[in-house]
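Contents: one structure, followed by commentary.
Remember, it's a predicted structure, so these values are computed and weren't measured experimentally. Below, read A as the first sequence line, B as the second, and so on, with proteins coming before strands; counting in each chain starts at 1.
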Number of protein chains: 2
Amino acid sequence: MQNTPVTLKYLAEKLKMSISTVSKALNNYPTINEFTKKRVQDLATELHFTPNKSAINLKQGRSKIIGIILPNLLDHFFTRSVYGLEQFASKHGYNVIISQSHDSLEKEIQSANMLLQTRVDGLIVAISKHTQDFSHFNEFEKMGTPVVYYTRNPSFNLSCHKVLCNTFQGAYQATKFLIERGHQNIAYLGGPKMISFTHDRFNGYIHALKDHGIPFSAELVAYTDFDKESTITAIKNLFSSEDKIPTALVAFKEPILFDAMKYLRSVNHPNFQQLECIGFGNTSFISYFNSPPVASIEENPESVGENAMKLLLQLLNRNIETNDYQKILVDCKLVVH
Amino acid sequence: MQNTPVTLKYLAEKLKMSISTVSKALNNYPTINEFTKKRVQDLATELHFTPNKSAINLKQGRSKIIGIILPNLLDHFFTRSVYGLEQFASKHGYNVIISQSHDSLEKEIQSANMLLQTRVDGLIVAISKHTQDFSHFNEFEKMGTPVVYYTRNPSFNLSCHKVLCNTFQGAYQATKFLIERGHQNIAYLGGPKMISFTHDRFNGYIHALKDHGIPFSAELVAYTDFDKESTITAIKNLFSSEDKIPTALVAFKEPILFDAMKYLRSVNHPNFQQLECIGFGNTSFISYFNSPPVASIEENPESVGENAMKLLLQLLNRNIETNDYQKILVDCKLVVH
DNA sequence: GCTATTATTTCAAACGTTTGAAATATAGTT
DNA sequence: AACTATATTTCAAACGTTTGAAATAATAGC
């Protein structure tokens with residue numbers, strides 16, 4: 001036996017007043033008598049009245065929901081960014097729906113459609129690895145729903161709002177730090193070339209070298225595709241050179257660094273114990289290592305998330321014009337262990 | 001200049017037919033002429049018609065959304081469980097809204113209210129550490145919205161549906177494994193006593209000892225509250241005994257184990273290198289350790305999530321009666337490294 | 001060419017809100 | 001007592017769908 005649902009109508013009948021009075025009382029309209037308000041609000045809490053969001057959304061044409069599409073929730077970067085996103089959103093009366101694309105374009109499109117149907121007020125996206133075409137996000141713009149891209153940078157010439165890690169600066173700092181510790185042979189282990197910020201990071205490394213008068217050596221650079229095998233191949237290459245043996249290493253991402261370390265340790269590489277490394281990420285597990293790395297490049301994911309949400313809400317409130325495309329860079333911070 | 005929204009009404013006008021025909025055509029009603037259906041569907045895709053979920057929810061009285069409340073998304077157990085939850089849900093046409101309680105009762109109540117307003121069709125909850133009182137979930141039951149508790153077990157006498165890790169079996173297996181490797185002095189490092197399954201794990205440990213004729217020794221048991229200091233205190237206690245020096249250790253959670261290992265390493269404890277450890281969790285980072293642990297207790301979070309969602313959908317479809325309270329245990333698996 | 005079937009389309013109410021305009025009640029002035 | 005000004009409440013339409021019942025159109029049988 002289902003209870004009759006507690007709606008405005010039901011409250012109105014109980015109180016022998018009109019639905020609109022009840023509605024306005026609950027929404028604290030100034031034209032409603034204080035005594036009436038109290039009567040209504042008391043009954044509402046007594047009967048646990050819970051406004052139906054669907055009805056409100058339908059009527060108001062806005063959902064107070066922000067959609068988030070991101071590759072996955074296993075990567076701590078994203079979960080930490082969600083923290084920032086959610087916190088900022090809820091402080092401003094918005095809820096958040098998170099949808100994982102699992103780095104598949106197809107799932108990303110599905111997610112986009114789902115969020116379109118939900119009529120989210122805005123969208124924040126970290127695109128999947130394979131996203132080259134952005135037409136599935138066009139509908140949002142057409143409906144006047146602002147979209148902010150974060151972390152994963154859509155192809156450079158697409159006019160859009162973006163919030164990114166200042167990954168150039170991160171790599172620069174890390175390299176500089178290692179130089180200042182006296183290293184000359186600093187290797188760079190880069191990520192997949194298809195990821196937008198791969199180049200920025202590499203540039204940070206290069207510029208740091210140049211600014212400190214250290215010649216660039218191609219033998220000290222290798223790339224991995226994230227998988228273990230290619231990381232090992234890359235690390236083999238880096239350490240196979242005759243004259244230039246790295247004494248320090250800047251890595252694209254800490255898990256890559258871990259794989260690399262594990263390999264060097266397993267082959268008992270003579271330089272392993274002295275090697276000083278820095279990776280992007282600042283994983284919580286890093287402190288459990290007894291050998292390198294010496295520092296981490298903290299990308300401040302919470303701040304990235306918060307900035308993305310902040311920008312989105314500014315677009316929603318029309319504090320920023322839709323076509324006044326913004327690019328926000330969030331600085332990295334070198335954390336020395 | 002906002003476009004006029006593409007609604008059923010708009011399509012109907014364009015096609016010079018009634019709204020109901022359009023609606024039924026899109027929903028593939030058998031009474032609608034095939035040719036008409038095609039005309040409607042073609043225009044709908046051409047104009048990117050996207051049904052308004054709020055309107056549908058309102059009309060149908062169901063949202064096809066399942067609410068998830070969990071402590072946080074930083075713990076890999078939960079993110080992995082979300083994977084299972086989401087996957088199973090979307091296979092059955094449901095979407096998922098995740099809300100983090102950050103282990104605060106207040107936020108948990110807020111989340112519950114939000115999901116109540118959203119009129120989720122069902123709720124899956126891993127309660128916060130501090131939740132003793134469950135009245136904020138009563139409203140769901142009252143509205144006929146089924147609730148499934150998972151992982152974090154609400155106080156035993158509350159009649160409810162639950163899906164739990166078979167944490168007893170996990171601890172039992174781990175202890176047995178260590179016994180079979182020849183250990184006699186197996187220590188147990190437990191978690192906070194307020195967490196429901198602390199006792200189950202301890203019992204698994206105890207039973208394995210008993211079944212293998214190894215006497216229980218209170219000196220080999222200590223508890224931590226998750227924070228570093230209390231872990232270190234606990235580990236100091238375990239290794240301070242005169243006669244019973246642990247040669248193996250079962251830990252409540254891997255991060256605790258990491259803290260413990262780090263401490264033992266830092267003090268250069270003589271038994272550190274030989275110590276064999278097993279913790280609950282199977283963190284991906286575990287493989288980067290060069291010393292213990294030797295195995296992990298894999299809790300199969302994806303499966304826990306999937307089972308919770310499965311149970312919930314069965315309740316929704318009335319394949320299981322609401323008051324026929326279910327308790328599902330998902331077995332752990334010992335993963336040897 | 002009429003009726004009986006059957007196929008197809010349309011009507012109209014409902015879901016639970018919000019909100020400006022209109023109606024009514026109350027108090028204040030003369 | 002009549003009128004005005006103000007305070008408070010109600011009316012009624014709208015948001016975008018769904019859906020059973022009613023209406024209409026098309027086809028077949030004679």
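- In this structure, the NZ atom of Lys64(A) is 13 Å from the P atom of dT18(C), given to the nearest Å.
- We find that CG of Leu26(B) is positioned 13 Å from P of dT19(D), with the value rounded to whole Å.
- Under the 30°/60° scheme for interplanar angles, the aromatic rings of His161(B) and Tyr325(B) are found to be tilted.
- At the heavy-atom level, Phe49(B) lies under 4.0 Å from the strands shown only through sugar-phosphate atoms.
- Side chains of Ser101(B) and Ser104(B): no donor on one and acceptor on the other come within 3.5 Å.
- Aromatic rings of Tyr149(A) and Phe134(A) (six-membered ring for Trp) have centroids within the 6.0 Å cut-off, being under it.
- Under the 6.0 Å distance and 45° angle rule, Lys64(A) counts as a cation-pi partner of Tyr94(A).
- Asn52(B) places a side-chain N or O within donor-acceptor distance of the main-chain N or O of Ser54(B), the cut-off being under 3.5 Å.
- In the model, Thr131(B) has a side-chain atom that pairs as donor or acceptor with a side-chain atom of Ser128(B) under 3.5 Å.
- A donor atom on one side chain and an acceptor atom on the other are not found under 3.5 Å apart for Asn57(A) and Ser63(A).
- In this entry the distance linking CG of Asn28(B) with P of dT19(D) reads 14 Å, nearest Å.
- Ring orientation note: the planes of Phe137(A) and Phe140(A) are tilted relative to one another, at an angle of 30° to 60°.
- Near DNA chain D, meaning a heavy atom under 4.0 Å from it, residues 52-62 of chain B has Asn52(B), Ala55(B), Ile56(B), Lys59(B), Gln60(B) in order of number.
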- request: In sequence, state the C-alpha distance, the side-chain angles, and the governing distance for Asp42(A) and Lys37(A), and then conclude on salt bridge (Lys or Arg N to Asp or Glu O under 4.0 Å).
  value: CA-CA 8 Å; Asp42(A) 284 353; Lys37(A) 276 185 196 171; over 6 Å; no

message: Using a 4.0 Å heavy-atom cut-off to protein, can you give one letter per nucleotide of nucleotides 5-12 of chain D, 5' to 3': B if the base is in contact, S if only the sugar-phosphate is, - if neither?
response: ---BBBBB

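- Two end axes, each from the C1' atoms of five base pairs, can be drawn for the helix from dG1(C)-dC30(D) to dT30(C)-dA1(D); they diverge by 60°, to 10 degrees.
- The shortest distance between side-chain heavy atoms of Ser90(A) and His92(A) does not fall below 4.5 Å.
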